Amino acid sequence: MRECVRGFVDENEYDFRRIEAKWAPVWEAERPFDVPDTVDSRPHKYILDMFPYPSGDLHMGHAEVYALGDVLARYWRLRGYRVLHPIGWDSFGLPAENAAIKRGVNPRDWTYDNIAQQRASMKRYAASFDWSRVLHTSDPEYYKWNQWLFLELYSKGLAYRKDSWVNWDPVDQTVLANEQVLPDGTSDRSGAVVVKKKLTQWYFRITDYAERLLADLDRLENTWPAKVLTMQRNWIGKSRGAEVTFTVEGTGRAIPVFTTRPDTLFGATFMVVAPDSDLASELAAGADPIVRQQFAEYLTEVQKKTEIERQDATRTKTGVSLGVNAINPLNGESVPVWVADYVLADYGSGAIMAVPAHDQRDLDFARKYDLPVRVVVDVASDEPNDPAQSGVATTGDGPHINSDFLDGLNKADAIAAAIERLESIGAGKGAITYRLRDWLISRQRYWGTPIPIIHGADGAEIPVDLADLPVELPPTEGLDLRPKGSSPLGAAEEWVNVPDPRDGSAATRDADTMDTFVDSSWYFLRFLSPRDTTRAFDPEQVKAWAPVDQYVGGVEHAILHLLYARFITKVLFDLGHINFDEPFSALLNQGMVILDGSKMSKSKGNIVFFGEELDKFGVDAVRLTMAFAGPPEDDIDWADVSVTGSHKFLARAWRVAHDVTSSVGADAATGSPALRRVTHRFLADIAPLIEAYKFNVVVARLMDVVNHLRKEIDTGAGAADGAVREAAEVVALALSMFAPHVAEDMWSMLGHERFVGLQKFPEADPAFLVEDSVTAIVQINGKVKERLEVATSITEEELSALALAAVESSLAGKTIRQTIVRPPKLVNIVVSD
RNA sequence: GCCCCAAUAGCCCAACCGGCAGAGGCAGACGACUUAAAAUCGUCACAGUCAGGGUUCGAAUCCCUGUUGGGGCACCA
């Protein structure tokens, strides 16, 4: 049950409404966290939270990221760093357009109305952003540089157009990148089942960077979540093996195949070509009419399948023979060539050698079409070793058989020997392939960055001159934004028809817009000089701030955004625009805010509304709850946490500061040593805890300090004590990371000038960090028998003697076998009867 | 099917290099204050660490097996 917390309009009571109303306007007027362009000598930290997409108001997920990101930003400020913590909006994208179609509003209006709403909520939430650097990716001032980026890639051959089978979302009526298709074959936006279409589209050559994108993950090993690293490695999907060239019998046409198992070449009993590959069409074209007919029917059937059906590994494999044979380069054997849709056109060369004895997919196919199975690795297991009978392909290691010069070798040696032989006879070589495909970046929708290319009547692609950027979107008036499979921009005749820059003849603009992931792949650089009209980013500012020291956001971007941003960063590095090649030095993925064990959703009706929570409990209590709920990467079940509890704690902390009667500068040295010990231990522990993202533990420790303070004021040293003031000030400083309004008010009540967020943590005094004495425990056979108060400096001999004396009576009649002494805390005496 | 992560009090969570299972909070019980209640202040109780085995003087912590939950990959040759 969450009930409403009521405040009192009384200066002597904690009232979050009064305190919020008091400080928000001051921060708004004085902008304490804006960072000027000037470079200064302090150490820098660039703390970045993933910027939001403006779909309606902020939600509880935003409340979590921006609370946690702000803890880190404020922490580094309190450590004396110069902190850049900017915010903006990822404001191009389909939802704006879909809303526009549904409600007849302009996508621009819809977007900027939402931004205004989110901006107001964000300000209310009091995250310490630099509000002078706000950017929106849908502003021409931003997407001009997005177009510049495109042209940079284009000039280096990294942006290109090709005709290919692409993922098509039949609901949103646009193409999707591979990364935007969920594992179940549906679109990550619309949820529609994705189909394949053959279209001419723009791509970024991310595959050129596959090896570096993979290798450089090692450098992020301890600063990025292991989970994200694994996901990226899987996505890039490196395979080592060999490329082997088979030759079509008769025509001599070469068929290159990629295999991870060149050692099993003697077990290849047929070949399979992807039905939708050019090679298949070519081979079928030369075949007899019956084969041609069968192939054509099969291809039609295959193309009707959805991605879901096609990716179902359990379905029965199908295929047709192409009626031609190919020669195995190692043994000269002639094997039949088939087409089957378990082979993919765009992986490897779109063709495979099939080794049914040692590959389950090939075996399934061989058994269905009665093709031969030849065992070439003797895997020496207890299992029946005949895949043709068992139906289970063997993949283990063992001596090779039926393999001529490979006989007797194990897997690794046979692979090496096979590659060596292939290379010496010119029939192949060692090779590496990647699962990663080029990034499809064109979209057939309106609300995105226009692609700055003009198509000449002769088919030439002419990059728009830099001086003519930005290519601005035309107004929506008169345009039909409804999805129809081609870009709405194509219908904006005045916009699309332009003179050919070469000779003034008729030409047209490219009517597609860019994937919005292009926009977000470099926005962290634009924050460094957001008003610069002469370039995408200022190299001086980049040198001062970049790369991002700490990135904070959801794990849903583990592949998409983070992979693209890494890629673009490497491209910009190679082009000499920046001097680093990984964009985000450290990454924190926060969990989700859920309710009653499940994800919040409109359809389930289990939504906690951001604004309502702030109304009921106050900004500080909500922010504190986000930090205190548990480790940041865990999900927060809003039903399991108590915002009321956070509110009560804040009131308690506030009251403590309110009760302090000493003046600024009161001597802490003469105050309560016990309290000082608590305060300085806390101070010493903040850094390691925050830097390990243990925000929940810091809050717990903060509560502990407040509890001690309360006790000290009520029944100890009293409200005028110097140590009490010291502790209250430390509480205000530390609390400013979580609850800025309360902290600012406490700081002010303690007689200080604003702003608490711009102060520095005092150093912990080492004198309070060491204990003079500790409680040592004495165990017999691991069970605690006695406790001794001993000096921290006690020697092994002294402690041992004290311990033996203390448990003397329990040792009567027993034999001491061993004594383990770990000064100053433990003695374990091992005895037997 | 393969891989990874987790499991500590009724609940959310702490626990350094293997060394007394508890920092903090929620919910609970009791007391003080109050005519009473709320708020506040205080006191108390509650688990032997998912199960089983191993290593060790000593295991929440290391190893193995399993259970449950979460996540990733999965016709990629």
Side-chain angles (χ1 to χ4, degrees), chain A residues 1 5-6 8 13-14 183 225-235 237-239 241 244 257-261 264 272 274 310-315 317 340-344 346-355 358-362 364-365 433-437 555 558-559 591 597 624-625 628-631 633-637 639-646 648-649 651-652 655 682 685 688 694 696-707 710-711 714-715 775-787 817-822 825-831:
Chain A
M1 268 297 132
V5 176
R6 298 198 175 279
F8 300 84
E13 287 293 336
Y14 171 66
K227 187 178 163 181
V228 175
L229 298 177
T230 304
M231 286 170 73
Q232 293 220 356
R233 287 187 181 116
N234 285 339
W235 187 261
K238 180 177 185 172
S239 300
V244 185
V257 302
F258 175 74
T259 176
T260 53
R261 296 291 305 275
T264 62
V272 185
R310 174 151 183 171
Q311 285 180 10
D312 178 5
T314 61
R315 84 189 159 89
K317 293 183 171 44
D341 69 349
Y342 78 91
V343 172
L344 308 175
D346 57 355
Y347 184 77
S349 62
I352 62 157
M353 67 175 203
V355 184
H358 305 296
D359 183 290
Q360 189 61 45
R361 298 154 300 180
D362 296 343
D364 294 343
F365 193 78
T433 55
Y434 300 90
R435 204 184 81 114
L436 182 71
R437 308 297 151 79
V555 75
I559 294 172
L624 186 75
T625 302
F628 185 52
E633 56 277 9
D634 288 4
D635 288 348
I636 299 174
D637 194 325
D640 287 340
V641 297
S642 169
V643 197
T644 311
S646 297
K648 277 160 111 172
F649 165 68
R652 192 170 160 86
R655 241 177 274 120
F682 172 62
D685 289 346
K694 293 185 174 189
N696 55 327
V697 181
V698 175
V699 175
R701 296 288 306 278
L702 202 41
M703 290 172 168
D704 183 52
V705 178
V706 170
N707 289 344
R710 179 78 266 155
K711 197 170 285 180
D714 291 347
T715 58
T775 306
I777 56 164
V778 184
Q779 299 177 331
I780 294 180
N781 289 345
K783 294 202 178 79
V784 179
K785 290 291 175 193
E786 284 297 332
R787 286 155 214 276
R817 298 276 171 208
Q818 197 182 351
T819 307
I820 290 110
V821 187
R822 292 281 179 275
K825 291 177 83 173
L826 179 126
V827 177
N828 187 15
I829 302 162
V830 185
V831 301

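The figures here come from the full heavy-atom set of this structure, side chains too, leaving out hydrogens, waters and symmetry mates. Since the model is a prediction, treat every value here as computed from it, not as a measurement.
Per the geometry, CG belonging to Leu344(A) stands 12 Å off C1' belonging to A74(B), to the nearest Å. In this structure, Tyr434(A) atom OH and C73(B) atom P are separated by 20 Å, rounded to whole Å. Atoms OH (Tyr347(A)) and P (A74(B)) sit 12 Å apart, rounded to a whole Å. The CG-P distance, from Asp359(A) to C75(B), rounds to 13 Å in whole Å. Rounded to a whole Å, the CD atom of Glu633(A) is 13 Å from the C1' atom of C13(B). In this structure, Phe649(A) atom CZ and A39(B) atom C1' are separated by 18 Å, rounded to whole Å. We find that CG of Asp714(A) is positioned 16 Å from P of C33(B), with the value rounded to whole Å. Going from atom CG of Asp346(A) over to atom C1' of A77(B) covers 13 Å, rounded to whole Å.
The pairing partner recorded for A6(B) is U68(B), the criterion being a Watson-Crick or G-U wobble arrangement whose two distances lie under 3.5 angstrom. With both pairing distances under 3.5 Å, G48(B) is matched to nothing as a Watson-Crick or G-U wobble pair. Applying the Watson-Crick and G-U wobble criteria (two distances, each under 3.5 Å), A60(B) pairs with nothing in any strand. Across all strands shown, A15(B) has no partner, as no Watson-Crick or G-U wobble contact with both distances under 3.5 Å is found. As the counterpart of U40(B), A32(B) is assigned, both hydrogen-bonding distances of the Watson-Crick or G-U wobble pattern falling under 3.5 Å.
The C1' atoms of A9(B) and U49(B) are separated by 10 Å, rounded to the nearest whole Å. Distance noted for atom C1' between G19(B) and G48(B): 16 Å (whole Å).
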Expected string for nucleotides 24-32 of chain B under the B/S/- scheme (protein heavy atoms, under 4.0 Å, primed atoms plus P, OP1, OP2 as sugar-phosphate) is BSS------
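Considering only residues two or more places apart in sequence or on other chains, Arg787(A) meets the side chain to side chain donor-acceptor pair (under 3.5 Å) condition with none of them. Residues satisfying the side chain to side chain donor-acceptor pair (under 3.5 Å) criterion with Lys227(A), sequence neighbours excluded, are absent altogether. The side chain to side chain contact (heavy atoms under 4.5 Å, CB included) check on Val831(A) picks up Ile780(A), Asn781(A), Leu811(A), Lys814(A), Ile816(A), Ile829(A), with sequence neighbours excluded. Under the rule for a side chain to side chain contact (heavy atoms under 4.5 Å, CB included), the partners of Phe258(A) that lie at least two apart in sequence or sit in another chain are Ser239(A), Thr260(A), Tyr347(A), Ala431(A), Thr433(A). Not counting sequence neighbours, the partners of Lys238(A) by the salt bridge (charged side-chain N to carboxylate O under 4.0 Å, His left out) test are Glu211(A). Considering only residues two or more places apart in sequence or on other chains, Thr264(A) meets the side chain to side chain donor-acceptor pair (under 3.5 Å) condition with none of them. When the side chain to side chain donor-acceptor pair (under 3.5 Å) test is applied to Asp640(A), no partner is found at least two apart in sequence or on another chain. With sequence neighbours left out, the ring-ring contact (aromatic ring centres under 6.0 Å, His included) criterion links Phe649(A) to no other residue. In this structure, the salt bridge (charged side-chain N to carboxylate O under 4.0 Å, His left out) partners of Asp341(A), at least two apart in sequence or on a different chain, are Lys305(A), Arg315(A).
Side-chain contact, Asn707(A) with Arg652(A): a donor N or O sits under 3.5 Å from an acceptor N or O.
Contact annotation: Lys783(A) side-chain N/O to G19(B) OP1/OP2 distance is not under 4.0 Å. A sub-4.0 Å separation between OP1 or OP2 of A77(B) and a side-chain N or O of Ser239(A) is present.
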Detail all sub-3.5 Å separations between protein N/O atoms and N/O atoms belonging to nucleotides 14-18 of chain B.
unit_1	atom_1	unit_2	atom_2	d
A14(B)	OP1	Asn696(A)	ND2	3.4
A15(B)	OP1	Lys694(A)	NZ	2.9

Please enumerate all protein N or O atoms sitting under 3.5 Å from an N or O of nucleotides 53-57 of chain B, with distances to 0.1 Å.
unit_1	atom_1	unit_2	atom_2	d
C57(B)	O2'	Asn828(A)	ND2	3.4
C57(B)	O2	Asn828(A)	ND2	2.5

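Comparing Ile352(A) and Ala651(A), the nucleotide of RNA chain B nearest to each residue sits closer to the 5' end for Ala651(A).
A pairwise comparison of heavy atoms in Val272(A) and Ala354(A) identifies CG2-CB, 4.4 Å as the closest pair. In plain terms, the two heavy atoms of Ile559(A) and Met231(A) that are nearest each other are CD1-O, 4.1 Å.
Comparing A77(B), C73(B), A74(B) against the side chain of Asn234(A) picks out C73(B) as the nearest.
In this structure, C17(B) shows a glycosidic angle within 90 degrees of zero, which is the syn conformation.
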